[in-house]
Amino acid sequence: MLHPDPFRDIDRLAAQLLGTSPGSARVPLAMPMDLYRSGDHYVLHADLPGVDPASVDVSVDGGILTVTAQRSERTEHDVQWLTCERFTGSYLRRLSLGQDIDADHIAATYQNGVLTVTLPVAARAKPRRIEISHGAREETKVIEPSDSSGQQTTT
């Protein structure tokens with residue numbers, strides 16, 4: 001037995017007031033993502049279910065990572081929609097990259113509706129150990145300006 005859902009009626013009223021009808025294209029609200037650091041790289045996972053892999057684009061320009069994707073409109077025309085919650089249209093997400101990202105070696109894969117972008121940490125940003133030299137103090141040599149003969153004197 002079906003029970004009435006008062007929230008469904010409120011959703012329908014809101015859709016009518018906002019001009020969206022069931023089955024119409026709606027703009028995606030967000031591209032959910034996770035971002036974490038693992039060792040010497042960052043990993044970004046973005047959920048893009050139902051998106052054609054050919055429409056996914058990842059680019060870097062001026063320290064900004066841009067992810068775009070397109071989910072095509074539905075082609076069912078002779079149907080009576082009961083509910084329509086899946087968005088169609090374009091997705092866009094921009095992230096500012098820090099100085100510690102090696103932008104030349106960013107890689108991306110798209111599998112099972114999830115975009116994975118690997119952002120390697122630049123060598124200059126990786127922690128490193130500074131070697132300490134031990135022993136006697138080295139003698140410093142001073143090179144004095146040469147005279148007109150072109151010879152230099154060292155003291």
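Computed over heavy atoms, backbone and side chain alike; hydrogens, waters and symmetry mates excluded.
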If we only count heavy atoms from C-beta on, is the [X] to [Y] side-chain gap below 4.5 Å?
| X | Y | value |
| --- | --- | --- |
| R71 | S55 | no |
| I106 | P120 | yes |
| D57 | S59 | yes |
| D34 | L44 | no |
| V56 | Y91 | no |

*Would you please name every residue forming a side chain to side chain contact (heavy atoms under 4.5 Å, CB included) with V114, sequence neighbours left out?*
H45, D47, T116
Which distance, rounded to the nearest 0.5 Å, do you find between the [atom1] of [X] and the [atom2] of [Y]?
| X | Y | atom1 | atom2 | result |
| --- | --- | --- | --- | --- |
| T118 | H105 | OG1 | NE2 | 13.0 Å |
| T109 | L115 | OG1 | CG | 7.0 Å |
| M31 | L92 | CE | CG | 7.0 Å |
| L97 | I64 | CG | CD1 | 7.0 Å |

*For the hydrophobic clusters of this structure (ILVMFWY residues joined by side-chain heavy atoms under 4.5 Å, transitively), does one cluster hold both L35 and I101?*
yes
*asked:* Could you check whether any side-chain N or O of R93 sits under 3.5 Å from a backbone N or O of L95, counting only pairs where one atom can act as donor and the other as acceptor?
replied: no
_Donor-acceptor contact below 3.5 Å, side chain Y110 vs main chain L48_ = yes
*What heavy-atom pair brings H41 and V43 nearest, and what distance separates the two atoms?*
CD2-CG2, 3.5 Å
